Amino acid sequence: MTRRLNGLALALLLLAPSAHAVWDLDTLLLGFAAVKSSRAAFSEQKHSALLTTPLQLTGELSYTAPARLEKIVATPVRERLIADGDRLRLERGRADGGVSTHRLALDDHPLLRPLIAGVRATLAGDGATLARHYVVALNGSAQAWELNLLPRDAAVRAAIVRVRLHGRGTQIREIEISEAGGDRSLMRLRPLPE
Amino acid sequence: MTRWAPWLFALLFAAGTAYVGMRVNVTTDMAAFLPQADDLRARLLLHELRSGIGGRLLLVGVEGETPARLADINRALAARLRASGRFGFVNNGDGLTADERERLFRARYLLSSAVTPERFTADALARALRAQLALLASSAGVVTKQWLARDPTGEFLQVAQVWQGDAGGPVRSDGVFFNADATRSLMLLLVAAPAFAVDAHAAALAEVRAAFTAVNGESSARLLIGGAPAFAVSAQDGIRRDVVRLSMLATVAMVMFLLLALRSVRAVILSTLPLGFGILAGVCAVGLGFGSVHGITIAFGSTLIGVAVDYPLHFLGHLTRPSTALSGRSPYEHLRRIWPTLRLGALTTVIAFAALTFSRHTGLAQLGVFAVAGIVAAAATTRWLLPALIPHNFQLTVPHGAVHAAFARFARVAPRAARPALVLAVAAAVAIGANAQKIWAQDLAALSPATPAVKAADARLRADFAVDADGPLLLAVGESAEAVLQASEQSLPALAAMVARGALTSFDAPARLLPSAATQRMRQAALPKEDALKARLAQALRGLPFQPAAFAPFVADVAHARTQTPLIPADFDAHSGLLDARVAAGVFALDGQWVAATRLRGVSDNATDAALLTAARAAAPSVSWITVAPKRDATAAMHDYRDRALRLWAIGAIGIFLTLALGLRSLTRSLAVFVSPLAATATTVAMLSLAGVALTLFHVIGLLLVMGLGIDYALYFDRLGQHADEWETTFPALWKAWLTTLLGFSALLWSQAPVLTAMGLSVTLGISLSFFFAAAWARGAGRVA
């Protein structure tokens, strides 16, 4: 609670000095950089050309500075994806109730890196990483901003067309991933207290 | 004879030069000097050392900067090299390229070991689809989704796992290969040119260096290059440099020395004629016999200059003043006087080299043919051409200077050392006998003429890439690729059992990468027909939120796979990537047979070999099974090499002795002459050994030449004992001949090729000792004027 208030306070402080101050990407990222950890409950809808109805997922997304992002899926399958730096650990619930753990290297899965980077770098306030993977376009204001990320790498663009982040202040409220071929996923986030 | 000899020789010279200019080309492939062997194991060993794909793979490393900077340099370098078009592939961080993935994907139903009838029942399909659904929901779904519509049962992932499961090798960091401690970024290049096109390889290497310089800019990064092409290019450069440099060096030294020794430009020119004809004859003979001449043969041949000059020196020596007893005679008469000795000397040297012509090594046989033809031509030129070109009553005035006085004093004093010399020779013989095993070289790499820098870079890069050429192999040898692949499949259970028992850590069997055609057809038969598959799929889709039409590509692909042509090794011949390289390393043709090679890792002990062979033979009796352990077998090959060398030397020595006995017609004299070069040989070997030089076949060849030349010295010292009146003419010629040979062969000591330095060292040391022993034991030499 305190941290979130601080983040918000900081954002307000940054905005306060004058109405003439420009609120831009750097300001937004600076705000995020001050937030050292955050948690949010999500509900995600995955639309696919292969499916007759979208998949519905629920779970929790948590971030710890500087590079740890965790996605804990509760329904319809139990799964935990932990991205810490360059290492990826995937824990999946098995039919027999046990858990199988897979370690993945981001280098082996060239699509995962930009996806994780898009969210994690934003939460970390790391403009350089964002710029390396994406062409970044920011719209809106501090109260309601939209970050459009277009992948730079041609191979990644062949699979992922766009990543769109919606938010307020230092909270991401929506993550939308649009894939080539028409599939997309829309994740709505509700911040949780620490 | 006098009149037409010059014309005949001129004609031969013109014909020879024309032939050489038009027909003869020079090769530099070191394979001509490597051991060859008959048995299959040795041939397989050599194939491992020089295998086709390995012969084109370049290992590149960049070090000396931070990992991030190294990665950037690596990527920039790779981009430039890909654009250059000189390389089949440039792999700086891919496991499999997109193209390779596509090939595996298209053949997934043939390659996947999970394809059985049970996999395509309605129930199994339903289970697979439910798992795919879970994957779609998962974060991993973004990866597996691309194949879902065409490959719901996941065959491609099965296949990819087998292909990408590597043991050891470089790690990937930031998308680029690095060695284990991240101090060196790595790259694997396949040169587009075929394996023995050394010039094309040299161009490729130059491209790499130029691209690195362009990319590197100001930073302190260093480039390392290893791999077989680097060796071949380094060897070729070295040999080419040697041929040019040594020929020039030897020629210049020789001409200067002759001018000093003979004090007559005409005499010097005459002296070079036998040498010129000798080399021409040598090159022609090798060209006629082998079709091409090896660079090392030419470099070696240019040092035979030192030998070919002996004959005119002896002849011209006879024409010097003062020799009132001989004045007034024609050059022909002078020549006839010394011809018997000269002929015998030439003959023994020829016999020494004739032994080489029977060797199975192309390189050695070439040396033998070159030497035989060269020496015969040089002697013939001295015998028939020189007298025709020398005017009657031609006489050289050569004052006997300080050098001659020194040699004369040496010849006078040497007989006092006769007994110590005997002690020395006997001690040497005993020392050799006691340490017989230890004097020989064990390491095949000692024969490579690449520079030490290239060898060191290659060793470091091989360790980084875990290119394990030393690991033991289990080989199945048979009539066809299919036969050996089936045998490899049949051996898989036995190999797995050994791993389970702990006798092996792991293995790479070719059948796991490329199943036999029979197995592929079996898998094809396991795939359901199109209508049946559609029905089962419809049943499996019940209750699942998939679009019914989503899996039409899957049905089409399975239908296609049912009639697909099975993959065979020939499909991987393009050598356009690691996929092809791995298949080619596992299944290949050798001398009309096919071989399937399984690489073994972590072999616990030697008993494993025997156990494996028994199990493999029981599992697949229709092919032959052998094991090859490159490190162990290379040592055995070197021993075999050494035994051949000794045999060659023995044959040469016996031939020399017989020739001697026939020529001198006296057994005691023959023995007296034979013993000094023999003693010199023994002492040379002992001294080399003491100095830490490991002997190879090429030292032995040098020692064979020492026998041939040493006989000459002993013969002339013996002759001096009988004809004291010739002291003024023959003795100067003798020490000048020794000195010219010494000068000629010491040029070899500066060569880069171990082959040549070995010969240079053994000959220079050997003939010096020969001269000493011959002088010490000469009979009647006390009567020095």
Side-chain angles (χ1 to χ4, degrees), chain A residues 44-59 61 69-83 86 88-95 102 104-116 119 132 153 155-156 158-160 177 179-181 183 185 187, chain B residues 67-68 71-72 75 92-98 101 127 129-152 157 160-161 163-166 170-178 182 537 541-554:
Chain A
E44 184 177 3
Q45 260 193 355
K46 286 194 177 183
H47 301 257
S48 171
L50 294 167
L51 298 171
T52 51
T53 60
L55 285 171
Q56 305 277 6
L57 286 85
T58 61
L61 201 61
L69 189 65
E70 246 182 81
K71 178 180 178 182
I72 305 168
V73 181
T75 66
V77 290
R78 274 185 15 242
E79 183 183 276
R80 210 170 120 175
L81 178 70
I82 302 145
D86 259 8
L88 223 58
R89 198 166 80 232
L90 184 63
E91 292 169 3
R92 305 186 65 209
R94 282 205 304 259
H102 304 270
L104 309 171
L106 274 185
D107 273 316
D108 287 338
H109 303 280
L111 287 180
L112 284 178
R113 191 191 275 278
L115 281 179
I116 290 172
V119 177
R132 195 165 74 208
D153 187 286
V156 175
I160 298 167
I177 301 172
E179 295 178 34
D183 292 2
S185 91
M187 184 191 281
Chain B
D72 288 336
R75 273 189 285 262
N92 68 338
D94 304 321
L96 290 170
T97 63
R101 265 184 237 269
R127 273 199 301 275
L129 289 170
R130 274 200 288 275
Q132 291 288 359
L133 199 58
L135 272 177
L136 265 185
S138 144
S139 318
V142 67
V143 172
T144 58
K145 206 188 331 190
Q146 50 188 312
W147 304 301
L148 179 47
R150 295 174 73 184
D151 185 23
L157 280 176
Q161 241 165 9
W163 280 88
Q164 283 196 293
D166 274 322
V171 296
R172 277 210 293 284
S173 172
D174 202 4
V176 157
F177 282 139
F178 273 88
L537 194 58
L541 281 170
R542 277 209 295 262
L544 294 174
F546 282 110
Q547 297 276 9
F551 296 98
F554 166 56

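Letters go in sequence order (proteins before strands), and every chain restarts at 1. Fair warning: this is a prediction, and the values are worked out from it, not measured in the lab.
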**Q.** Max heavy-atom pair count under 4.5 Å with chain A, selected residue of B:Pro548, B:Ala550, B:Ala137, B:Ala149
**A.** B:Ala137
Q | Which atoms of A:Glu179 approach chain B - backbone, side chain, both or neither, heavy atom under 4.5 Å | A | side chain
Q: Look at the side chain of A:Glu79 and the backbone N and O of A:Val73, then say whether any donor-acceptor pair between them is shorter than 3.5 Å.
A: no
Q | Donor-acceptor under 3.5 Å (B:Gln547 side chain, A:Leu51 main chain) | A | yes
(Q) So for A:Ala159, is it side chain, backbone, both, or neither that comes closer than 4.5 Å to the heavy atoms of chain B? (A) neither
Q) Between B:Gln132 and B:Asp151, which heavy-atom pair has the shortest distance, and what is it? A) NE2-O, 4.0 Å
Q | A:Leu50, part contacting chain B, at a heavy-atom distance under 4.5 Å | A | both
Q | Any side-chain heavy-atom pair of A:Ile82 and A:Leu88 under 4.5 Å | A | no
**Q.** Toward chain A, the part of B:Leu135 with a non-hydrogen atom under 4.5 Å
**A.** both
Q: For A:Thr52 and B:Pro545, indicate whether the former's side chain and the latter's backbone hold a donor-acceptor pair under 3.5 Å.
A: yes
(Q) Regarding A:Arg89 and A:Glu70, does a basic nitrogen lie under 4.0 Å from an acidic carboxylate oxygen? (A) no
Q.
Counting heavy-atom pairs closer than 4.5 Å to chain B, which one of A:Ile116, A:Thr53, A:Leu57 comes out on top?
A. A:Leu57
(Q) If I measure from the heavy atoms of chain A, does B:Leu133 come under 4.5 Å with its side chain, its backbone, both, or neither? (A) both
